[in-house]
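To start, the structure itself, in structure tokens.
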Amino acid sequence: MKFCSQCGAPVELRIPQGDTLPRHVCSACQTIHYQNPRMIVGCIAEWEDRILLCKRGIEPRYGLWTVPAGFMENGETTGQGALRETLEEANAHVEIGPLYALYNIPHINQVYILFRARMLDLDFKSGAETLEVGLLAENEIPWDQIAFAAVRNTLTHYYDDRRNGEYKFHVGTIEPTR
């Protein structure tokens with residue numbers, strides 16, 4: 001950040017009085033510009049023994065598979081965001097169920113929040129940011145083509161939980177790959 005969004009003056013990186021972390025502070029109006037993690041919300045959309053996966057049509061990870069998910073918007077709840085993302089990416093209508101997984105990804109300032117969801121019908125198709133969508137059984141999932149570690153971990157837990165007959169809430173942290 002170079003300029004203040006309030007008045008247009010240059011900002012400087014410093015620790016404001018009463019704070020403990022460096023922030024971008026306007027040199028003119030003294031507005032403090034906080035930069036916080038971005039929330040990714042989505043769901044594991046279930047239909048019988050299959051789940052809905054989307055092949056990404058945008059970067060990052062173009063051409064790889066993921067669950068319907070994306071950045072949360074201002075003014076919406078996490079559940080509303082998961083519904084919206086599922087509709088945008090797969091044109092699918094779902095009923096959001098319980099919170100299922102939360103992954104911290106501090107090295108890229110993101111938090112993944114994923115719900116279980118029930119598909120309401122089989123009327124789905126690729127959205128504007130999706131190359132392909134499909135309802136896949138566990139043995140059909142292209143595990144080596146999953147776009148994100150948070151999604152791979154979530155799906156691994158999901159199938160383990162399903163085999164054990166009990167769905168638990170999962171929390172983890174994704175570290176950078178070297």
Side-chain angles (χ1 to χ4, degrees), residues 1-45 52-92 94 96-117 126-133 145-157 169-178:
M1 174 176 267
K2 294 182 189 262
F3 300 99
C4 178
S5 60
Q6 297 296 315
C7 72
V11 296
E12 56 187 26
L13 193 60
R14 64 179 169 87
I15 299 174
Q17 183 177 357
D19 204 335
T20 58
L21 298 172
R23 312 286 184 182
H24 289 98
V25 181
C26 178
S27 59
C29 72
Q30 301 303 306
T31 296
I32 302 169
H33 299 277
Y34 295 93
Q35 295 178 320
N36 301 103
R38 299 183 72 184
M39 311 298 270
I40 290 102
V41 292
C43 67
I44 301 170
L52 184 67
L53 289 182
C54 303
K55 190 178 220 180
R56 292 181 58 80
I58 59 170
E59 293 293 351
R61 315 295 285 160
Y62 179 91
L64 298 180
W65 292 88
T66 188
V67 295
F71 290 112
M72 189 171 160
E73 297 289 345
N74 290 335
E76 68 184 4
T77 68
T78 53
Q80 289 168 337
L83 280 172
R84 178 186 49 74
E85 286 292 338
T86 304
L87 189 58
E88 286 177 5
E89 294 187 3
N91 290 289
V94 298
I96 294 297
L99 182 59
Y100 185 68
L102 184 147
Y103 280 96
N104 302 292
I105 314 174
H107 64 279
I108 57 171
N109 305 318
Q110 293 181 355
V111 176
Y112 262 75
I113 299 170
L114 297 169
F115 295 86
R116 286 183 58 212
S126 299
E129 299 178 347
T130 306
L131 299 173
E132 181 182 344
V133 290
Q145 296 175 37
I146 299 296
F148 306 108
V151 172
R152 185 179 308 101
N153 292 359
T154 299
L155 293 178
T156 299
H157 289 303
F169 176 64
H170 299 275
V171 177
T173 297
I174 305 294
E175 300 295 343
T177 55
R178 301 204 191 301

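Predicted model only: the values in this text are computed from it and were never measured. If you read the sequence from its start, that first residue is 1, and numbering goes on from there.
- At distances below 3.5 Å, not a single donor-acceptor pair connects side-chain atoms of Glu89 with backbone N or O atoms of Glu129.
- Counting all heavy atoms, side chain and backbone alike, Leu21 lies closest to Pro16 at O-CD, 3.6 Å.
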- Task: Give the intermediate values and the outcome of side chain to side chain contact (heavy atoms under 4.5 Å, CB included) for residues Thr66 and Arg56.
- Result: CA-CA 7 Å; Thr66 188; Arg56 292 181 58 80; 3.8 Å; yes

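- Arg84 places no side-chain N or O within 3.5 Å of a backbone atom of Glu88 that could act as its donor or acceptor partner.
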- Residues Tyr62, Leu131; criterion side chain to side chain contact (heavy atoms under 4.5 Å, CB included); working and verdict: CA-CA 9 Å; Tyr62 179 91; Leu131 299 173; 3.6 Å; yes

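- Nearest heavy atoms, Val67 versus Leu155: CG1-CD2, 4.1 Å.
- Contact between Glu85 and Pro68 at its shortest, heavy atoms only, is O-CB, 4.3 Å.
- Interatomic distance, SG of Cys4 versus CD of Gln30, reported as 9.5 Å (0.5 Å rounding).
- Not a single donor-acceptor pair under 3.5 Å links the side chain of Arg23 to the backbone N or O of Ile32.
- Across all their heavy atoms, Met72 and Glu76 have their closest contact at CE-O, 3.0 Å.
- A 4.5 Å side-chain heavy-atom check between Met39 and Ile113 finds at least one atom pair inside the cut-off.
- Atoms NE2 and NE2, from His24 and His33 in turn, are 9.0 Å apart once rounded to the nearest 0.5 Å.
- One finds the CD1 atom of Ile108 at 8.0 Å from the CZ atom of Phe148 (value rounded to the nearest 0.5 Å).
- We find the CD-OH distance between Gln110 and Tyr103 to be 15.0 Å, quoted to the nearest 0.5 Å.
- Between Leu52 and Val133, the shortest heavy-atom distance links the atoms CD1-CB, 4.4 Å.
- Within 6.0 Å of CZ on Arg38 lie no more than 12 heavy atoms contributed by other residues, nucleotides or ligands.
- Atom CD of Gln35 is surrounded by more than 12 heavy atoms from other residues, nucleotides or ligands within 6.0 Å.
- Using modelled atom types, one side-chain atom of Tyr100 and one backbone atom of His157 make a donor-acceptor pair closer than 3.5 Å.
- For the atom pair CD (Gln145) and NZ (Lys55), the distance works out to 6.5 Å, reported to the nearest 0.5 Å.
- Each of Thr154, Asn153, Ile40, Asn104 was compared with Tyr112 under the side chain to side chain contact (heavy atoms under 4.5 Å, CB included) criterion, and only Ile40 meets it.
- Without hydrogens or angle criteria, Thr130 side chain to Ala90 main chain gives no donor-acceptor distance under 3.5 Å.
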- Message: One pair to check against side chain to side chain contact (heavy atoms under 4.5 Å, CB included): Phe115 and Thr86. What are the steps and the verdict?
- Response: CA-CA 11 Å; Phe115 295 86; Thr86 304; over 6 Å; no

- Taking it one step at a time, do Cys43 and Ile96 satisfy side chain to side chain contact (heavy atoms under 4.5 Å, CB included)? CA-CA 8 Å; Cys43 67; Ile96 294 297; 4.2 Å; yes

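- The shortest heavy-atom contact between Ser27 and Pro10 is OG-O, 2.8 Å.
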